[in-house]
Amino acid sequence: MRLSRMGAFFPTRLSFMPTLIRRLRAERVEVTRPLWEIDAEGYGRAVYRLTLGGERYSLVCFSTPLPSEKRTDRVIAEAWDSSYVLFDGEPSRAEIARLEANAPRQEAGRFSAKELVLSRANKSLRLFQHVVDRLAAGRQPDAALVGKIGYLMRTTAVYGNGKFGVADRMRIAGRPALVGPFQAEMLTVWLIRGFTHDLVEHIARARNPEGFVPLDPRLKRHIGIGNATGLGMAPFLVSHPVLLNNWMLARETALARVKAIRMASPETIERFLALLDRARHHVDEWSVEDARQMGRIRRLRFELSELARLVTPAWLAPPEPWHRVVAASEGFSEECQELMVSLVLEPQGDLVDDLTDGMASATEARLEPAMAIRELASLVERRFGWATGIDFTQPEADAQFWYVSEEKLEPRLGERRKEPGAEKEMPLDVARQVQSLAVALKGADPEESVAAFLMRHPELRHVTRRVQTAAHYAYSEIQENLIARDCLPIDMLRCKLSFFGASKFDPKSDRWTRITLYQGAPTAERLLDAEADDWCFPVLGGAA
């Protein structure tokens, strides 16, 4: 639960995107397109429809012209190339017209409980136009450019759970197909990806009906959806401690199960070694401009080569092979260690996939007012020793503060001694709050109740609840000072995005990153192919 390790996570088969794909495959879902009113330039509206878990869902898509001066990935933008709504059921013509008047406006629009998810995306102008030009000319796009960029459009937000008036999560929480974390949002992104594929082919076909060629299926599978994610996502891991625990617990339980396997079958060994080889190629194709991350990638390439020389079929034949693989990786970087966790889990679906059922949470952190102060003090000592040892008299320890920007409408980090606004600080300073609680507890009667204590110290209610929650949920806290000068929010972003299933992390600073979603995942028309469930660590050209 330290940021350096969380910031080295890779997606696993328990991540939310592969979990959704497995469900779509299990239910043999068919995606249809009942509406396609897109003109030759690629502007108009479309609807995609599917049935999942006995419920009908529709993605309503709008593609509109976007002047160059309005093109930005900023969350405060007011116009985008395309906008989307995941609709609960089948929208009527009147409902589509209503959404067409509102979805392109996003936050400024009006929405109802029939809308489950709201999103928008901008084109990757270079790749989008290149693919259209090539297909219209009867040629496939340049594979190197497809590999370098990896997406035709990138989303700048995917909103659910009551945001801007869309349906609250409780509306769908009882539906088995969507009970897992962010399943409605992941379904939306997968359908958006299919729309981007159809859109480039449609424009190219309209330009040259006789000479047009469709996208090669292998290239199409490698084209995912981009995403630009910033500080707005980071506080989620702090404000949802029970959910964070459940994600981490599933991952750690899966790893414990796999490490306990006594012997590996020849088939599993062969599968693992093929995955290791693919991961090496995946990392070879992963290049970023950020010097810190590129240095880590170069080191990872070397370490994977070293491990590949060690981990042979003969080396994996003795007892406890996966325990030994994980142990062997501990001599390398955290990036390498975490990649090996993903690799040893991947071939063990029969053993670990059931753990995804426990990754959601209907439980919120609750105060336990009857607890004795003696027990609360003991919890602080046992669970928060990492926090009580921080010296907050040092300027570096509280150099930053989190706040919500009125202009940008999302969380930001400020410099405490250089910028105004610290009085509006968000309560992400958990370590500092724990220290305040520890000081107050020293002067309290050990047999007094928490209720009586908080009557005198109401300002400590929030942190008291966090400490009590940690007693039941071992992975509920990031064990780091989140207001320290050296705190890197990018690590929080990567942790959460890895649980989504994101890959190709491309940090643009220590506060925002670009990623690729669903790269290598099956398209709707290839969902039932034999290899459709085999897309972790994708390499150009499809599964290795």
For this session: Under the side chain to side chain contact (heavy atoms under 4.5 Å, CB included) rule, what do R280 and L304 come out as? Steps first, then yes or no, please.
Result: CA-CA 6 Å; R280 292 178 63 193; L304 289 177; 3.8 Å; yes
Basic-acidic side-chain contact under 4.0 Å: [X], [Y]:
| X | Y | value |
| --- | --- | --- |
| D133 | R207 | yes |
| R49 | E90 | yes |
| D168 | R171 | no |
| D290 | R292 | no |
| R98 | E115 | yes |
| D88 | R175 | yes |
| D353 | R23 | no |

For a quick test of reading the model, state the closest non-hydrogen atom pair linking [X] to [Y] and the distance between them.
| X | Y | result |
| --- | --- | --- |
| L237 | M492 | CD1-O, 3.5 Å |
| G42 | S63 | O-OG, 2.6 Å |
| E334 | S4 | OE1-OG, 3.1 Å |
| V352 | R257 | CA-NH1, 4.1 Å |
| V189 | L517 | CG1-CD1, 3.8 Å |
| A264 | W322 | CB-CZ2, 3.7 Å |

Does atom [atom1] of [X] have more than 12 heavy-atom neighbours from other groups under 6.0 Å away?
| X | atom1 | result |
| --- | --- | --- |
| R110 | CZ | no |
| Q129 | CD | yes |
| H130 | NE2 | yes |
| R139 | CZ | no |
| E37 | CD | yes |

Exercise. Think K114 forms a cation-pi with F87, using NZ or CZ under 6.0 Å from the six-ring centre and within 45 degrees of its axis?
Worked result: no
Exercise. Does NZ or CZ of R120 fall inside the cone over Y159's six-membered ring, less than 6.0 Å from its centre and within 45° of the axis?
Worked result: no
With a 4.5 Å limit on heavy-atom distance, are the side chains of [X] and [Y] in contact?
| X | Y | answer |
| --- | --- | --- |
| R93 | L35 | yes |
| I21 | Y518 | yes |
| L50 | L191 | yes |
| V31 | W190 | yes |
| E27 | R22 | no |
| M153 | N122 | no |
| T196 | Y151 | no |
| F505 | I490 | no |

Kindly say whether [Y] contributes a backbone atom to a donor-acceptor pair with the side chain of [X] at under 3.5 angstrom?
| X | Y | value |
| --- | --- | --- |
| S329 | V326 | yes |
| R301 | V283 | yes |
| Q519 | H222 | yes |
| S15 | P11 | no |
| R193 | I223 | yes |
| S58 | V60 | no |
| E306 | E303 | no |
| E338 | R5 | no |

Output the distance between atom [atom1] ([X]) and atom [atom2] ([Y]), rounded to the nearest 0.5 Å.
| X | Y | atom1 | atom2 | answer |
| --- | --- | --- | --- | --- |
| R45 | I38 | CZ | CD1 | 9.5 Å |
| D491 | T513 | CG | OG1 | 11.0 Å |
| K504 | I297 | NZ | CD1 | 9.5 Å |
| H197 | L152 | NE2 | CG | 6.0 Å |
| F212 | R205 | CZ | CZ | 4.0 Å |
| R169 | Q183 | CZ | CD | 8.5 Å |

Exercise. So, E346 versus T12: side-chain donor-acceptor pair below 3.5 Å or not?
Worked result: no
For this session: Show your reasoning for whether salt bridge (Lys or Arg N to Asp or Glu O under 4.0 Å) applies to R494 and E335.
Result: CA-CA 12 Å; R494 177 160 168 179; E335 289 253 358; 2.8 Å; yes
Relative to the ring of [Y], is the ring of [X] parallel (under 30°), tilted (30 to 60°) or perpendicular (over 60°)?
| X | Y | answer |
| --- | --- | --- |
| F10 | W286 | perpendicular |
| W247 | F236 | parallel |
| F182 | F16 | parallel |

Exercise. D534 pairs by salt bridge (Lys or Arg N to Asp or Glu O under 4.0 Å) with which of R13, R526, R25, R271?
Worked result: R271
Problem set entry | Residue pair K220, D198: steps toward the salt bridge (Lys or Arg N to Asp or Glu O under 4.0 Å) verdict | CA-CA 10 Å; K220 181 183 286 190; D198 289 352; 5.1 Å; no
Exercise. Can you list the steps and then say if L127 with S124 is a side chain to side chain contact (heavy atoms under 4.5 Å, CB included)?
Worked result: CA-CA 6 Å; L127 186 60; S124 170; 4.0 Å; yes
For this session: Output, in order, the C-alpha distance, side-chain angles, deciding distance and verdict of salt bridge (Lys or Arg N to Asp or Glu O under 4.0 Å) for K508 and D506.
Result: CA-CA 6 Å; K508 297 304 179 183; D506 182 10; 3.1 Å; yes
For this session: Go through the steps for Q106 and S83 under the test side chain to side chain donor-acceptor pair (under 3.5 Å), then give the verdict.
Result: CA-CA 8 Å; Q106 294 283 292; S83 53; 4.7 Å; no
Problem set entry | Check against side chain to side chain contact (heavy atoms under 4.5 Å, CB included), C61 and V47 | CA-CA 6 Å; C61 315; V47 175; over 6 Å; no
For this session: In sequence, state the C-alpha distance, the side-chain angles, and the governing distance for T155 and I225, and then conclude on side chain to side chain contact (heavy atoms under 4.5 Å, CB included).
Result: CA-CA 7 Å; T155 60; I225 282 289; 3.9 Å; yes
For this session: Any chance you could lay out the ring pair (Phe, Tyr, Trp, His ring centres under 6.0 Å) test for F195 and Y84, step after step, and finish with the verdict?
Result: CA-CA 10 Å; F195 171 73; Y84 309 89; 5.8 Å; yes
